[in-house]
There are 2 protein chains.
Amino acid sequence: MDIGTKLRAIRKQRGLSQRELAARAGLTNGTISLIEKNKTSPSVASLKSLLDAIPISMAEFFSNLEETALSKVFYRADELTVVSPTGDQQVTLRQLGNAEAHALQVLHETYPPGADTGPELLSHDGEEAGIVVQGAIEVTVDGVSETLNAGDGYLFDSRLPHRFRNTGKETCIVISACTPPSF
Amino acid sequence: MDIGTKLRAIRKQRGLSQRELAARAGLTNGTISLIEKNKTSPSVASLKSLLDAIPISMAEFFSNLEETALSKVFYRADELTVVSPTGDQQVTLRQLGNAEAHALQVLHETYPPGADTGPELLSHDGEEAGIVVQGAIEVTVDGVSETLNAGDGYLFDSRLPHRFRNTGKETCIVISACTPPSF
DNA sequence: TTATGATGTTTAATATAATTGTCAATTCTG
DNA sequence: CAGAATTGACAATTATATTAAACATCATAA
């Protein structure tokens, strides 16, 4: 398996010393030395601690996957790209970055009074969640409706049919997130 | 981590007894019992032997750690559970639902003036994104800092070291999302 | 019932992982 | 350069994973 050299490679790459990594992981430098020289096979608990401290996931560690190219991190308010899933909506959806390159899609949603995503099935894989920031909105998920006010939130499996309607008089703003991106 | 129940689930699914798996892996049934009941954390060498005998790869084993149990959909503002990743922060993190059961973690974050997540690496797998709802906050990702105001957002790979600091005089509120949940 | 076989659990003994303390080699700093 | 700090490695001790064997439970059959 040779997890030793792999661990060492990753640690060096991040510019960490054995002692520093040990401190973060709650282990000792000696242990890391032994592991890296394959003189011992760490418990998965220990390895998990080390990988958490680097940080890198177990799955990633064991699946030789390489670095993901990263791009833009910060987005000014006017840089959120407007997306319109259904075309003619009054609903304004403003998206953070381009969803296709990411596992996470975050939207700034504006619902003027009367806005309605319509009854059509907005179903897709993954999960969907959000928190109301301003105003109120009626959310219907799998036939169940609730009116959420500022501070309230929702979280559901995206495969359930869902609908958003602003039945109030004030414009409603919701920050939502999907994974994976639905459009 | 609970690799115990995961291992047991896979073993049962393949119709293997502890003894039979033990024989194939060159271990003992007692060891498997202890591992499955999380009474011990096996060495990666032992776990590798077990997974080879099933057979299933390490990467596969650790990438399937997610369960799906969905229930609650709507959350009132006072139902958001306060989580404190670092313990003594002034930062208030209020979470939608319980992250462990979901692929998506959404937080309502409150940063009073001076609040700081600290320089330690808040790193984990997946992606992380958010939009500032009120106030302003200085976000540092991989050494690069920007001050984001209401309406601005961020989106980055969670493995990059990151830090949030409210350097202004107004309390800052951010709605953020991670996938998968980081704590 | 009693026996037989297969299952998962527990316990004392043993093997091994992890810590502690220390060392030489290296890299900073003045 | 000297001195201090940092690095990775090693031996001895401590902690823990693993073993081997016994135990309990649930079947099914004689």
Side-chain angles (χ1 to χ4, degrees), chain A residues 1-63, chain B residues 1-65 67 118-121 123-124 142-143 159 161 163:
Chain A
M1 275 225 79
D2 194 21
I3 70 171
T5 49
K6 186 183 290 184
L7 176 63
R8 167 160 297 189
I10 297 175
R11 178 178 61 80
K12 293 275 192 187
Q13 178 192 329
R14 307 285 175 118
L16 293 169
S17 69
Q18 290 182 343
R19 279 181 163 81
E20 183 167 356
L21 178 58
R24 292 186 191 174
L27 298 176
T28 65
N29 59 312
T31 299
I32 296 180
S33 177
L34 293 173
I35 294 173
E36 288 185 348
K37 292 185 75 68
N38 289 314
K39 290 192 171 299
T40 189
S41 178
S43 69
V44 311
S46 297
L47 182 61
K48 179 71 163 54
S49 300
L50 288 170
L51 298 189
D52 282 349
I54 283 182
I56 181 179
S57 77
M58 293 287 249
E60 201 172 350
F61 182 81
F62 285 110
S63 67
Chain B
M1 273 225 82
D2 194 21
I3 70 169
T5 48
K6 180 73 197 300
L7 175 62
R8 168 160 296 188
I10 295 177
R11 179 178 63 78
K12 293 272 191 186
Q13 180 191 327
R14 307 286 176 115
L16 293 169
S17 70
Q18 289 181 344
R19 280 181 166 81
E20 182 168 354
L21 179 58
R24 292 189 193 174
L27 297 177
T28 66
N29 59 315
T31 300
I32 296 180
S33 177
L34 293 174
I35 294 173
E36 288 186 348
K37 293 184 74 72
N38 289 314
K39 289 192 170 296
T40 188
S41 179
S43 69
V44 310
S46 298
L47 183 60
K48 179 76 163 55
S49 301
L50 289 170
L51 298 188
D52 283 348
I54 285 182
I56 180 179
S57 75
M58 291 287 245
E60 206 171 343
F61 182 83
F62 285 109
S63 61
N64 283 347
L65 284 177
E67 308 296 325
E120 83 278 14
L121 297 181
S123 300
H124 28 260
D142 203 20
R159 287 169 304 191
R163 175 182 193 170

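Counting to the nearest Å, the P atom of D/dA20 and the CG atom of B/L27 are 10 Å from each other. When rounded to the nearest whole Å, the span between CD1 of B/I35 and C1' of C/dG8 equals 14 Å. Rounding to whole angstrom units, CG of residue B/L50 and P of D/dA17 are separated by 15 Å. Nucleotide C/dG5 holds its C1' atom 15 Å from the CD atom of B/E20, rounded to whole Å. Atoms CG (A/N38) and P (C/dA17) sit 11 Å apart, rounded to a whole Å.
Taking the nucleotide of DNA chain D with the nearest heavy atom to each of A/I32 and B/S46, the more 5' of the two is matched to A/I32. The 5' end of DNA chain C is approached more closely, in terms of each residue's nearest nucleotide, by B/R11 than by the other of A/L47 and B/R11.
Taking 4.0 angstrom as the limit, B/Q18 places none of its side-chain polar atoms (N or O) nearer than this to OP1 or OP2 of C/dT7. When the side-chain nitrogen and oxygen atoms of B/R19 are compared with OP1 and OP2 of C/dG5, none of them lie within a distance under 4.0 Å. Distances shown here put a side-chain N or O of A/S17 below 4.0 Å from the OP1 or OP2 atom of D/dT7. Contact annotation: B/K37 does not reach the phosphate of C/dG8 (side-chain N/O to OP1 or OP2, under 4.0 Å). Residue A/K39 has no polar side-chain atom (N or O) positioned under 4.0 Å from OP1 or OP2 of D/dG8. At D/dT18, none of the side-chain N or O atoms of B/T31 fall inside 4.0 Å of OP1 or OP2 (strictly under the cut-off). Phosphate contact (OP1/OP2 of C/dA18, side-chain N/O of A/S43, threshold under 4.0 Å): present.
A donor-acceptor contact under 3.5 Å links the side chain of B/N29 to the base of C/dT9.
You'll find the side chain of B/L7 stays beyond 4.5 Å of the side chain of B/P42, heavy atoms only. In this structure the side chain of A/I35 reaches within 4.5 angstrom of the side chain of A/L50, judged on heavy atoms. Residues A/F62 and A/L47 form a side-chain contact, since some pair of their non-hydrogen atoms from C-beta on lies under 4.5 Å apart. For the pair A/V44 and A/M58, the minimum side-chain heavy-atom distance is below 4.5 Å.
In this structure, the separation between NZ on A/K6 and CD1 on A/I10 is 7.0 Å, given to the nearest 0.5 Å.
Distance from the side chain of B/R8 is smallest to C/dG8 among C/dT11, C/dG8, D/dA9. Between C/dT11, D/dA17, C/dA17, one nucleotide has an atom nearer to the side chain of A/T40 than all others, and that is C/dA17.
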